[in-house]
Participant: 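Shown below is the structure under consideration.
As a basis for the values below, the full set of heavy atoms in this structure was taken, side chains included, without hydrogen atoms, waters or symmetry mates. Note that ligands are numbered from 1 as they come in the structure, with each ligand's atoms numbered from 1 the same way. Index from 1, following the sequence.
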Amino acid sequence: MTHTHVAGAIHGDVTTRGPVWLQPPSDVNQLVDHLWSSEVTKTADGELSVAGVTVSDLAARVGTPALVVDEADLRSRARSFVDAFTGWDVFYAGKSFLSVAIATWVADEGLFLDVCSGGELAVALRAGVDPLKIGMHGNNKSDEELHQALDAGVGRLIVDSADEIERLSVIAAERDARPGVLVRVTAGVEAHTHEYIATAREDQKFGIPITGGAALAALLRCHNDEHLNLLGIHSHIGSQIFDAEGFDVAGRRTLRLHAQFAEQTGYEMPEFDMGGGFGIAYTTQDSPATPYELAEQMRHIVESECTSLGVAVPRVSIEPGRAISGPAAFMLYRVGTVKTVPLDGGQARVYIAVDGGMSDNIRTALYGAEYSATLANRRSSAPPVLSRVVGKHCESGDIVVRDEFLPADVRRGDLIAVPASGAYSRSMASNYNHVPRPPVVSVADGKISMLLRRETVEDLLSHDVGQVPWGTEDGPELPGR
Ligand SMILES: Cc1ncc(COP(=O)(O)O)c(C=O)c1O
């Protein structure tokens, strides 16, 4: 489902009760527990608190908006993947939410790390992550990024195109290196939420298709290159996957390729990466499988398929991102303007504008993501009304939470918290409208830590050099310095 609507009002989906899945709550103050991180509760007077710190305290000390990470929760989700998938390598997908502290936490908990740009690699290295435990993705890695990966000694490069294989081959030969390589293939399976689609072809920018033989050719090309250490096949089928059905189809197709390659070359590749995409609950409609349930099913898929193909079970890896970072953080906003807008048919919608928006979380505007929200600073006895939480940006699609029942008396100065905001919010944030990006703080055992400081307008202005002759922009006499 997508609601994307560029630069214009969104019409035609209006009712007083919102989408079918959204039920009016019997108590609008009560948290829907499974949407929140483990250390989040509401106090007796209805205030949201995380690991012993109330949101009023957070807002007073850190300001709003702020992305608030529950450290114990994130660590425990990371750990539960390692425990559930014992014997497999769990790469945390850093693209979902990365900072030096987060990279440190997941490494502490025994995870490997997946990065997909030179910038993400730099964060991982600054965090002291063992380069051998880093996998580097990217459909368009620059030569500079390939050199950066080889300089660092990353354990696995996931190559994504024939062109990249040629460039990596030349670079590795120049350096007399032999990087570990997985070939990202497309298996003609696309999974989203409860559904997956299996087709013969994939029309997308990632990976090399199995259909038509391009993936096999890429594997052979790597295998025959003395400067590339071919480790295996990589396949990632999508996001917000709630069960193992899509993995089943993709697993069978990719393992068949693995076996075909072994038969042709006599070489059984030692590894096999099944990608990420494990779903989380953003709203009451979502009920994802646990890592333990998924692990059991995915293990069965790999083992039974390898047995029937007559190949050894390779060392398997997975790459969960949002399932670790998403539920572990909430976004805290301060309410500004509240408007009730009359709609066709005598109905009305409450628009609650907060002090952030699409610059700190683009997912709703970008692809119609659904979120939930709660009034965070107090209990209310007002009835629930269907509300829309919107941002402060100059775009009518600047929506944070499309549909939620919130108390009818939400007013300027209140705090609104949006659960499951850890993944792909900060990592996709922008400075639209020259709005500085909010800070990221973590809370554990009653203490607040700063992970990423709040940007300032000065930070933004520091990039704007006015207009100076090219090559002098770092000179000492710039206007405004
Ligand atoms: C190759 C790969 N691995 C892992 C992930 C992580 O996905 P998720 O955060 O949904 O688990 C992605 C997401 O785009 C990806 O492209």
Side-chain angles (χ1 to χ4, degrees), residues 74 77-78 80-82 84-85 88-98 102-103 106 111-117 120-121 124 133-141 154 156-161 164 181-187 189-196 202 204-208 215 231-244 246-247 250-251 254 271-282 286 288-291 294-295 298 316-329 361-363 366-367 369-370 420-428:
L74 192 147
R77 287 177 200 277
S80 69
F81 271 96
V82 172
F85 286 86
W88 290 20
D89 294 329
V90 181
F91 284 75
Y92 169 65
K95 72 201 75 176
S96 71
F97 189 13
L98 194 63
I102 293 169
V106 294
L111 281 80
F112 289 34
L113 186 63
D114 142 17
V115 299
C116 61
S117 70
E120 287 183 2
L121 176 58
K133 294 186 171 178
I134 297 176
M136 181 144 169
H137 277 278
N139 70 305
N140 185 23
K141 301 178 195 75
V154 305
R156 293 161 183 81
L157 273 158
I158 296 89
V159 294
D160 199 280
S161 63
E164 184 186 350
V181 163
L182 283 98
V183 175
R184 179 163 175 179
V185 306
T186 46
V189 175
E190 204 191 328
H192 290 290
T193 314
H194 300 282
E195 297 164 343
Y196 75 90
E202 283 245 31
Q204 59 144 311
K205 72 170 185 169
F206 291 111
I208 305 176
L231 297 174
I233 295 171
H234 179 288
S235 148
H236 170 80
I237 57 171
S239 57
Q240 272 296 80
I241 302 168
F242 282 8
D243 58 44
F247 290 114
T254 42
E271 298 193 15
F272 177 59
D273 191 316
M274 299 183 81
F278 307 95
I280 63 170
Y282 288 103
D286 302 325
T290 67
L294 286 166
M298 291 174 74
V316 191
S317 43
I318 52 163
E319 298 170 337
R322 87 184 62 225
I324 292 170
S325 58
N361 188 353
I362 187 78
R363 292 186 68 256
L366 185 63
Y367 40 60
E370 313 271 13
S421 292
Y424 305 101
S425 51
R426 171 66 190 208
S427 56
M428 293 172 95

Participant: Among protein heavy atoms, which sits nearest to atom 3 (N) of ligand 1, and what does the distance come to when rounded to 0.1 Å?
Facilitator: Glu319 OE1, 2.7 Å
Participant: Mind checking whether Phe81 and Phe85 have parallel, tilted or perpendicular rings, split at 30° and 60°?
Facilitator: parallel
Participant: Of all the non-hydrogen atoms in the protein, which one sits nearest to atom 5 (C) of ligand 1, and at what distance?
Facilitator: His236 CE1, 3.5 Å
Participant: Ligand 1 and Gly277, any nitrogen or oxygen pair closer than 3.5 angstrom?
Facilitator: yes
Participant: Can you tell me if Tyr424 has a non-hydrogen atom under 4.0 Å from ligand 1?
Facilitator: yes
Participant: Are a donor atom and an acceptor atom from the side chains of Arg77 and Tyr92 found within less than 3.5 Å of each other?
Facilitator: no
Participant: Are His234 and His137 near enough that their ring centres are under 6.0 Å apart?
Facilitator: yes
Participant: Please confirm whether Ala423 comes under 4.0 Å of ligand 1, counting heavy atoms of the residue only.
Facilitator: no
Participant: With respect to Gln240, determine whether any N or O atom, backbone or side chain, lies less than 3.5 Å from an N or O atom of ligand 1.
Facilitator: no
Participant: Establish, yes or no, whether a centroid distance under 6.0 Å links the rings of Phe242 and Phe278.
Facilitator: no
Participant: Compute the shortest N/O to N/O distance between Arg322 and ligand 1 and return yes if it is under 3.5 Å, no if not.
Facilitator: yes
Participant: At under 4.0 Å between heavy atoms, which part of Asp114 makes contact with ligand 1: side chain, backbone, both or neither?
Facilitator: side chain
Participant: Of all the non-hydrogen atoms in the protein, which one sits nearest to atom 16 (O) of ligand 1, and at what distance?
Facilitator: Lys95 NZ, 3.3 Å
Participant: Taking Arg156 first and then Asp89, would you say they form a salt bridge - that is, a charged N and a carboxylate O separated by under 4.0 Å?
Facilitator: yes
Participant: Is Glu164 paired with Lys141 through a side-chain N to carboxylate O contact shorter than 4.0 Å?
Facilitator: yes
Participant: Does ligand 1 come near enough to Ala323 that some N or O of the ligand is less than 3.5 Å from an N or O of the residue?
Facilitator: no
